[in-house]
Asks: 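Below you'll find the structure I mean.
Fair warning: this is a prediction, and the values are worked out from it, not measured in the lab. Residue numbers begin at 1 in each chain, while the letters A, B, ... track the order of the sequences. FYI, side chains are in, hydrogens and waters are out, and symmetry mates aren't considered; it's all heavy atoms of this structure.
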Protein chains: 2
Amino acid sequence: MTQPVWDPLVRDCPSRRLLDRIGDRWTVLVVGVLADGRLRFSEIQHAVDGVSQKMLTQTLRALERDGLVARTVFPQVPPRVEYELTDVGRSLLGPLRALTDWATEHMSGVLDARGSYDEAQARDELAAH
Amino acid sequence: MTQPVWDPLVRDCPSRRLLDRIGDRWTVLVVGVLADGRLRFSEIQHAVDGVSQKMLTQTLRALERDGLVARTVFPQVPPRVEYELTDVGRSLLGPLRALTDWATEHMSGVLDARGSYDEAQARDELAAH
DNA sequence: CTGTATCCGACCAGATACTG
DNA sequence: CAGTATCTGGTCGGATACAG
């Protein structure tokens, strides 16, 4: 018996590229803050702590290109640009929430496991002398 | 109203670090091929197309450190090492499947959106001359 | 305010060679 | 078979300066 559920992931490049996008450092966070509604560029930057202007621009462009985020420019001075999730973008919220829920639930357990592993490593290194 | 669901993601570093791990290039694929059961190192490498020995080792070590994968060494010559998901590791399969299902379902739409966006870009660049 | 352009350091990942 | 060690090119991302 093979792994039918995972075949697309392993063999099929297109779906893997989608996962690559989700995997980057800021995409999930940006989609997250856009979950509630429209936001201006500066509002997103403020909400996603630590993101640089360059990275936020790149992330939003990629999301727009993939049709997950809609960009609206208001012809004003100074400029006003607002971003919001499209229907497709919103459809990603469910799966993403499943992941973050898992992370929240298992965070402490994983952190403990890391501690134990690192302790064991330290002991082994000492024993090597 | 704030974004209560996403606050942990944006502000809480530990849970973000968990997502960072999932976001790397090979973790999801390795967890995927281990979904069915125990596998040897070489079997995993064969199943996950394109992964180098170095990256597979690093990925498996990280998963072991986090308690998502169990590593069993058989004291033989030549060595035999088997990997399998722990209970925690298996608990990640559900959320992961939600994501891959989403990717499969929306793949073509996203690809179309990319094509349209790139076309529009090309037109704009031509119009600039 | 919302970008774009450029430079540069840090990290990632592949290739290769070697070991128990 | 299952790693470790090292080198190196490429990419990511931050800082800065500047533009519309």
Asks: How far apart are the closest heavy atoms of R90(A) and L85(A), and which atoms are they?
Replies: NH1-O, 3.1 Å
Asks: Same hydrophobic cluster for Y117(A) and V110(A), using side-chain heavy-atom links shorter than 4.5 Å among ILVMFWY?
Replies: no
Asks: Write down the distance between CD (Q121(B)) and C1' (dT4(C)), rounded to a whole number of angstrom.
Replies: 13 Å
Asks: Within the 4.5 Å heavy-atom criterion, are L68(B) and V31(B) side-chain neighbours or not?
Replies: no
Asks: Tell me: CG of L60(A) to P of dG3(C), nearest whole Å?
Replies: 8 Å
Asks: Does the side chain of Y83(A) get closer than 4.0 angstrom to OP1 or OP2 of dG3(C) through an N or O atom?
Replies: yes
Asks: Using whole Å, report how far CD of E64(A) lies from C1' of dT2(C).
Replies: 13 Å
Asks: If you take all heavy atoms of V51(A) and Q45(A), which pair is closest and at what distance?
Replies: O-NE2, 3.6 Å
Asks: Between dC1(D) atom C1' and I44(B) atom CD1, what is the distance in whole Å?
Replies: 13 Å
Asks: Residues from residues 65-76 of chain B sitting under 4.0 Å of DNA chain D, heavy atoms only?
Replies: R71(B)
Asks: Mind checking the CD1-CG spacing from I44(A) to L29(A)? Nearest 0.5 Å is all I need.
Replies: 12.0 Å
Asks: Just do the side-chain contact (heavy atoms from CB on, under 4.5 Å) check on F41(B) and L60(B) with the steps written out, would you?
Replies: CA-CA 9 Å; F41(B) 184 91; L60(B) 287 169; 3.9 Å; yes
Asks: Has R61(B) got a side-chain N or O lying under 4.0 Å from the OP1 or OP2 atom of dT4(D)?
Replies: yes
Asks: Provide, to the nearest angstrom, the distance between the CZ atom belonging to F41(B) and the C1' atom belonging to dC1(D).
Replies: 9 Å
Asks: Looking at every heavy atom in both L39(B) and V33(B), which two are closest together, and how far apart are they?
Replies: CD1-O, 3.4 Å
Asks: Do the side chain of R38(B) and the main chain of E84(B) share a donor and acceptor less than 3.5 angstrom apart?
Replies: no
Asks: Examine dA2(D): is either OP1 or OP2 under 4.0 Å from a nitrogen or oxygen in the side chain of R40(B)? Give yes or no.
Replies: yes
Asks: Using the rule side chain to side chain donor-acceptor pair (under 3.5 Å), only one of R71(A), R40(A), E64(A), E43(A) pairs with Y83(A); which is it?
Replies: R71(A)
Asks: Quick one: is dT2(C) close enough that its OP1 or OP2 comes under 4.0 Å of any side-chain N or O from S42(A)?
Replies: yes
Asks: Treating primed atoms plus P, OP1 and OP2 as sugar-phosphate and everything else as base, which nucleotides of nucleotides 9-20 of chain C get B, S or - for protein heavy atoms under 4.0 Å?
Replies: ----BBB----B
Asks: May I have the distance from L56(A) (atom CG) to dG13(D) (atom P), rounded to whole angstrom?
Replies: 13 Å
